[in-house]
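Comments concern the structure below.
Keep in mind that this is a model prediction, so the values were computed, not measured. Just so it is clear: chains get the letters A, B, ... in the order the sequence lines come, proteins before strands, and each one is counted from 1.
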There are 2 protein chains.
Amino acid sequence: MDPVDKFRRTSYKLTKPRLVILEYLAKQKKPRSVREIHQQLNRERIDLVSAYRNLELFKELGIIFEEKMNNQSYFYIADKIHHHIICSKCRLIECFPCHNEIIRLKNFSSINHQLSMTGICNKCSSRKEKR
Amino acid sequence: MDPVDKFRRTSYKLTKPRLVILEYLAKQKKPRSVREIHQQLNRERIDLVSAYRNLELFKELGIIFEEKMNNQSYFYIADKIHHHIICSKCRLIECFPCHNEIIRLKNFSSINHQLSMTGICNKCSSRKEKR
DNA sequence: TTTCTAAATGCAAATAGTTTGCAATTAAAT
DNA sequence: ATTTAATTGCAAACTATTTGCATTTAGAAA
């Protein structure tokens with residue numbers, strides 16, 4: 001479902017910052033850092049703090065997902081949580097499903113997990129280094 | 001092998017900050033944040049910056065491992081990289097092996113990954129909430 | 001449509017983790 | 001014991017994130 005519609009079903013006010021953040025994220029094909037999100041919304045003069053507060057809210061409402069990479073928070077909209085691998089060289093991102101079932105820990109319940117991955121994509125490994 | 005001995009095999013100087021950091025980490029049963037490490041070494045008057053620089057060095061030398069959780073870096077000494085799950089209530093930590101083989105991504109090589117998990121341990125879930 | 005108000009915003013400043021530059025110190029080679 | 005490149009500690013910068021508060025505003029009520 002459209003994230004804006006999802007939000008309308010809550011009792012929270014649909015403000016301009018909320019609208020533009022959701023619309024921006026809905027267009028993205030990969031997770032975006034708070035800074036990226038904020039910079040893209042420059043023309044709307046939306047405060048960085050509002051971005052933080054609303055991203056946190058959207059996450060709690062289950063409208064967006066958070067992924068932490070390199071000690072920073074990234075956010076994305078998707079039907080379900082999944083993972084991302086990023087090429088360390090060209091920043092290509094590939095998504096892959098989250099196999100919760102791989103995790104069997106009998107001593108814990110209500111498990112949350114956070115997986116982030118980097119690698120070198122095939123294109124980059126076949127490319128000759130410039131000297 | 002003893003981490004200090006491992007370090008002696010390198011060409012780096014074995015200084016007091018390096019020695020105490022390695023000795024401290026060797027005693028720990030779970031990953032420790034830079035702040036925890038630094039605070040424990042208070043009596044030795046070791047600078048936080050030295051902790052950062054040396055932890056980074058130890059990591060590059062393969063003497064310690066880094067695990068990022070909650071937008072912070074944690075470090076631990078172990079025979080091999082593995083993962084940790086932390087109880088959100090009592091902070092109990094359980095280790096579990098890293099099954100690299102679970103990850104099959106044909107478009108990437110040289111994969112690095114970072115998994116962190118939280119959950120509620122059995123003891124905490126059976127414990128009645130205080131009012 | 002206007003009024004009202006709790007919710008939300010923007011701004012300033014605080015907090016926390018990490019990094020950088022540099023003069024003073026020191027491990028270890030000679 | 002001397003020497004010096006490596007390392008340290010300190011100050012300060014930088015980045016991500018959070019908090020407090022006066023102002024603004026979405027949307028309910030009149």
Ranking C:dT20, D:dA26, D:dG9 by distance to the side chain of B:V49, first place goes to C:dT20
With sugar-phosphate meaning primed atoms plus P, OP1 and OP2, does B:S33 contact a base, only sugar-phosphate, or nothing at under 4.0 Å between heavy atoms? nothing
To the nearest angstrom, the CG-P distance between B:D47 and C:dT26 comes to 14 Å
From CG of A:L57 across to C1' of D:dT18 the rounded distance in Å is 16 Å
Residues pairing under ring-ring contact (aromatic ring centres under 6.0 Å, His included) where one sits in residues 4-24 of chain A, two or more places apart or in two chains, turn out to be A:F7-A:F58
Rounded to whole Å, the CD-P distance (B:E56 to D:dT8) equals 14 Å
* State whether B:T15 places a side-chain N or O below 4.0 Å from either non-bridging phosphate oxygen (OP1 or OP2) of D:dT7. => no
Quick note, A:R53 side chain, CB onward, closest among C:dG10, D:dT17, D:dT8 is C:dG10
Subject >> Test item: B:R18 side-chain N/O and B:N54 main-chain N/O as donor-acceptor pair under 3.5 Å >> reply: no
Atom CD1 of A:I21 and atom P of C:dA8 are separated, to the nearest Å, by 13 Å
Rounded to whole Å, CZ of A:F7 lies from P of D:dG27 at a distance of 9 Å
I want to check one thing: is the phosphate of C:dT18, taken as OP1 and OP2, less than 4.0 Å away from some side-chain N or O of B:S73? yes
Ranking C:dA8, D:dG9, D:dT7 by distance to the side chain of B:S50, first place goes to D:dG9
* Think B:R18 has a side-chain N or O under 4.0 angstrom from the OP1 or OP2 of D:dT7? -> yes
Of C:dG17, D:dA16, D:dG9, the nucleotide closest to the side chain of A:Y52 is D:dA16
Of the listed D:dT18, D:dC21, D:dT25, the closest approach to the A:K13 side chain comes from D:dT25
Which of C:dT18, D:dT17, D:dT8 is nearest the side chain of B:L48? It is C:dT18
Review point. Counting distance only, does the side-chain N/O of B:H38 pair as donor-acceptor with the main-chain N or O of B:I46 below 3.5 Å?
Key: yes
From CD of B:Q72 across to C1' of C:dT15 the rounded distance in Å is 13 Å
Of D:dT7, C:dG10, D:dG9, the nucleotide closest to the side chain of B:I46 is D:dG9
### Task
Under 4.0 Å between any heavy atoms, over every strand shown, what does B:R45 touch: base, sugar-phosphate, or nothing? Just pick one.
sugar-phosphate
Answer yes or no: does a side-chain N or O of B:N71 lie under 4.0 Å from OP1 or OP2 of C:dG17?
-> no
- Just by modelled atom types, is the A:H82 backbone N or O under 3.5 Å from a matching donor or acceptor in the A:Y76 side chain? yes
On a heavy-atom basis, the closest approach of A:N71 and B:K68 is OD1-CD, 3.2 Å
Sorted by position of nearest nucleotide on DNA chain C, 5' first, the leading residue of A:S11 and B:R35 is A:S11
Of the listed D:dT8, C:dC11, D:dA26, the closest approach to the B:N54 side chain comes from D:dT8
Here the distance between atom C1' of C:dA8 and atom CG of A:L22, to the nearest Å, is 15 Å
Between A:R8 and A:L14, the two heavy atoms sitting closest are NH1-CD2, 3.2 Å
note: A:Y74, atom OH; D:dA16, atom C1'; distance rounded to Å ~ 11 Å
Of the candidates D:dT7, D:dG27, D:dA16, the side chain of A:L14 sits closest to D:dG27
